[in-house]
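For reference, the structure I am asking about is given below.
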Amino acid sequence: MSEPSTITDPADPRLGDYTGLTDVELRRRREPAEGLFIAEGEKVIRRALDAGYRMRSMLLTAKWLDVMADVIAEVDAPVHVVEPALAEAVTGYHVHRGALASMERKPLPEAAELLTAARRVAVLEGLVDHTNLGAIFRSAAALGMDAVLLSPDCADPLYRRAVKVSMGAVFAVPYARLDPWPAALDAVRAAGFSLLALTPADIAVDLASLTPNRLPKAALMLGAEGDGLTPQALAAADHPVRIPMSHGIDSLNVGAAAAVAFYAVTTA
């Protein structure tokens, strides 16, 4: 247990992990390089610890000391107590949940390792929006997907916004990078997966027509909001598939589409 310490200077070096959290490009470069990520909110912090991530430090406003007392007692990490205004000055935004933790990353598994034990995986190409990425991980966890595979240019699932939107589900679903892209899709197929590419294109067939829940192994491919999957990724797929639309709507938000498709491939 670490005795909480009060900090009044926003330039205090002990707060270094929490500076400039709104600077997306800075965090993208810094967090993976330094082996850290930020967990925001009581539930997310607890889920990160339950998933085996080691805490580097915790930043709390005073009213959260009692709420997090059991966590403070269990972890061997410094606990910094600050006023809300100072937390905002350091992080660059209003920390309305009142609790942040800097956590150590784990080494990513290899894609081949995840494919060995999986039957249902999501394959994401070019997902750079952290809100969409977090929503997809939350749906993947809730609907029983076994793993998420990311193209090299996908956003970091452990970026603060993605973790927050997922409500910590990024800790529950294993993920790996597929590299080189899209050539690595051949390894997914070689592992026995049918590659189903979600697209509103005319060449696509209704997802339900393939009875995807009966496929021995299924990999659902989803592209970025707006652009969708690239022609190269579509060409690598076994089947282009779509979710039927009504009222002149051509497609769903990628997060919503993922949830519908995950349900289709996991429900008996």
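What you see is a predicted model; the values in this text were computed from it and never measured.
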- Is there a donor-acceptor pair under 3.5 Å between the side chain of Thr19 and the backbone N or O of Leu15?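 No: the side chain of Thr19 does not pair with the backbone of Leu15.
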- Given Lys164 and Val44, is the side chain to side chain contact (heavy atoms under 4.5 Å, CB included) satisfied, shown in steps? CA-CA 7 Å; Lys164 181 179 177 181; Val44 172; 5.6 Å; no
- Query: Does a side-chain heavy-atom distance below 4.5 Å link Leu222 with Leu229?
  - Reply: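 Not touching, per the 4.5 Å side-chain cut-off.
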- Query: Minimum heavy-atom separation for Ala258 to Ile136, with atom names?
  - Reply: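 Where Ala258 meets Ile136 most closely, the heavy atoms are CB-CG1, 3.9 Å.
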- Item | Sub-4.5 Å side-chain heavy-atom contact between Leu65 and Ile72 |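 Leu65 reaches Ile72 side chain to side chain.
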- Query: Do Val71 and Trp64 have side chains that get closer than 4.5 Å, going by heavy atoms?
  - Reply: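 Of all side-chain heavy-atom pairs linking Trp64 with Val71, none is under 4.5 Å.
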- Message: Is it the case that the side chains of Glu125 and Thr230 hold a donor-acceptor pair, with the cut-off being a distance below 3.5 Å and no angle test?
- Response: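 Looking only at side-chain atoms, Glu125 and Thr230 do form a donor-acceptor pair, the distance falling under 3.5 Å.
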- Heavy-atom side-chain proximity of Pro212 to Leu207 below 4.5 angstrom: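 A side-chain contact under 4.5 Å exists here.
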- Short side-chain to backbone donor-acceptor contact, Arg160 and Ala39, under 3.5 Å: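 No.
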- Query: Under 4.0 Å between a Lys/Arg side-chain N and an Asp/Glu carboxylate O for Arg47 and Asp50?
  - Reply: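 A salt bridge is absent here (no side-chain N lies under 4.0 Å from a carboxylate O).
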- So how far is it from Met58 CE to Met103 CE, rounded to the nearest 0.5 Å?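 Going from CE on Met58 over to CE on Met103, the span is 9.5 Å.
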- Message: Regarding Asp250 and Arg242, does a basic nitrogen lie under 4.0 Å from an acidic carboxylate oxygen?
- Response: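 No, this pair does not count.
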- Query: Between Phe262 and Leu127, is there a shared hydrophobic cluster once you connect ILVMFWY residues whose side-chain heavy atoms come closer than 4.5 Å?
  - Reply: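 Same cluster.
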- Does Asp206 reach the main-chain N or O of Ala208 with its side chain, forming a donor-acceptor pair under 3.5 Å?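 No: the side chain of Asp206 does not pair with the backbone of Ala208.
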- Query: In Å, rounded to the nearest 0.5 Å, how long is the span from CZ of Arg161 to CG of Asp129?
  - Reply: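 Reported to 0.5 Å precision, the distance equals 8.5 Å.
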- Item | Side chains of Leu215 and Thr211 in contact at under 4.5 Å (non-hydrogen atoms) |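 No, too far: nothing below the 4.5 Å cut-off.
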- Message: Show, in sequence, the C-alpha distance, side-chain angles and deciding distance for Val90 and Val82, and conclude whether the side chain to side chain contact (heavy atoms under 4.5 Å, CB included) test is met.
- Response: CA-CA 10 Å; Val90 170; Val82 298; over 6 Å; no
- Which atom pair, heavy atoms only, marks the closest approach of Ala118 to Phe193?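 Taking Ala118 first and Phe193 second, the nearest heavy atoms are O-CZ, 3.4 Å.
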- I would like to know whether Asp9 and Arg14 meet salt bridge (Lys or Arg N to Asp or Glu O under 4.0 Å); could you show each step before the answer? CA-CA 10 Å; Asp9 181 2; Arg14 291 174 292 178; over 6 Å; no
- Message: Tell me whether Lys106 at atom NZ has more than 12 heavy atoms from other residues, nucleotides or ligands lying less than 6.0 Å away.
- Response: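 Counting neighbours around NZ of Lys106, more than 12 heavy atoms of other residues, nucleotides or ligands fall under 6.0 Å, so yes.
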- Task: Starting at OH of Tyr175, measure out to CG of Asp156 and round the result to the nearest 0.5 Å.
- Result: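 Going from the OH atom of Tyr175 to the CG atom of Asp156 covers 6.0 Å.
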- Are Met245 and Leu220 grouped together when hydrophobic residues (ILVMFWY) are joined by side-chain heavy atoms under 4.5 angstrom apart?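 Looking at the clustering, Leu220 is in the same group as Met245.
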- Message: Looking at Ala236, is its backbone amide N or carbonyl O close enough to the side chain of Arg189 to form a donor-acceptor pair, meaning the two atoms are under 3.5 Å apart?
- Response: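 A pair under 3.5 Å: yes.
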- If you measure from NZ on Lys63 to CG on Leu60, what distance do you get to the nearest 0.5 Å?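 Rounded to the nearest 0.5 Å, the NZ-CG separation comes to 12.0 Å.
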- Query: When clusters are formed by joining ILVMFWY residues with side-chain heavy atoms under 4.5 Å apart, either directly or through shared neighbours, do Val148 and Tyr263 land in the same one?
  - Reply: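 Yes, same cluster.
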- Short side-chain donor-acceptor distance under 3.5 Å, Tyr18 and Ser57: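 Per modelled atom types, Ser57 and Tyr18 side chains form a pair under 3.5 Å.
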- Within the side chain of Lys217, is there an N or O that forms a donor-acceptor pair under 3.5 Å with the backbone of Arg120?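 Looks like no, no N/O pair under 3.5 Å.
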- Item | Nearest heavy atoms of Ala155 and Leu133, plus distance in Å |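 Result for this residue pair: O-CD2, 3.5 Å.
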- Do NZ/NE/NH1/NH2 and the carboxylate oxygens of Arg56 and Glu104 come within less than 4.0 Å?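 Here Arg56 does not pair with Glu104 in a salt bridge, since their nearest N and O are not under 4.0 Å apart.
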- Message: Are Leu114 and Leu185 connected into the same hydrophobic cluster when the rule is that any two of I, L, V, M, F, W, Y join if their side-chain heavy atoms are below 4.5 Å apart?
- Response: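 Leu185 clusters together with Leu114.
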- Task: Looking only at non-hydrogen atoms, find the nearest pair between Gly126 and Cys154 and report the distance.
- Result: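 Between these two residues, the closest heavy atoms are N-SG, 3.6 Å.
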- Glu110 CD: over 12 foreign heavy atoms closer than 6.0 Å: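 Not more than 12 within 6.0 Å, no.
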- Trace of the side chain to side chain contact (heavy atoms under 4.5 Å, CB included) decision for Val188 with Leu195: CA-CA 8 Å; Val188 181; Leu195 293 167; 3.7 Å; yes
- Tell me, do Asn132 and Asn253 make a side-chain contact under 4.5 Å, heavy atoms counted?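 They are in side-chain contact.
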- Query: So does Asp179 pair up with Arg177, basic N to acidic O under 4.0 Å?
  - Reply: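 Looking at Asp179 and Arg177, the cut-off is not met.
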- Task: Indicate yes or no: at least one non-hydrogen side-chain atom of Leu115 is less than 4.5 angstrom from one of Leu149.
- Result: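 When only atoms from C-beta onward are counted, Leu149 and Leu115 do touch, with a gap below 4.5 Å.
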- Item | Criterion side chain to side chain contact (heavy atoms under 4.5 Å, CB included) on Val265 and Asn213, from CA distance to verdict | CA-CA 4 Å; Val265 301; Asn213 58 315; 5.8 Å; no
- Run the ring-centre check on Phe137 versus Phe171 and record whether the distance is less than 6.0 Å.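 For Phe137 and Phe171, the ring centres are not under 6.0 Å apart.
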- Item | hydrophobic_cluster_shared for Tyr53 and Val173, side chain cutoff 4.5 Å |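 Yes, same cluster.
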- How close do Arg54 and Asp76 get, heavy atom to heavy atom, and via which atoms?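 Taking Arg54 first and Asp76 second, the nearest heavy atoms are NH2-O, 4.3 Å.
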- Task: Could you tell me whether Arg46 and Asp70 have a side-chain N and a carboxylate O separated by less than 4.0 Å?
- Result: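 A salt bridge links Arg46 with Asp70.
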- Task: Determine the minimum heavy-atom distance between Leu198 and Ala257, stating which atoms define it.
- Result: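 The pair with the smallest heavy-atom distance is CD1-O, 4.5 Å.
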- Out of curiosity, Arg138 CZ to Leu143 CG, how far, rounded to the nearest 0.5 Å?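 Taking CZ in Arg138 and CG in Leu143, the distance rounds to 11.0 Å.
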- Query: Quick one: are Met68 and Ile45 in side-chain contact, heavy atoms under 4.5 Å?
  - Reply: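 Contact flag for Met68/Ile45 side chains = yes.
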- Query: Just by modelled atom types, is the Ser102 backbone N or O under 3.5 Å from a matching donor or acceptor in the Asp17 side chain?
  - Reply: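 Judged by distance alone, no pair lies under 3.5 Å.
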- Task: May I ask you to decide if Val163's main-chain N or O and Ser166's side chain share a donor-acceptor pair within less than 3.5 Å?
- Result: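 Yes, because the side chain of Ser166 sits within donor-acceptor range (under 3.5 Å) of the backbone of Val163.
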- Item | Reported NE2-to-CG distance for the pair His80 and Leu59, which is rounded to 0.5 angstrom |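 With rounding to 0.5 Å, NE2 (His80) is 7.5 Å from CG (Leu59).
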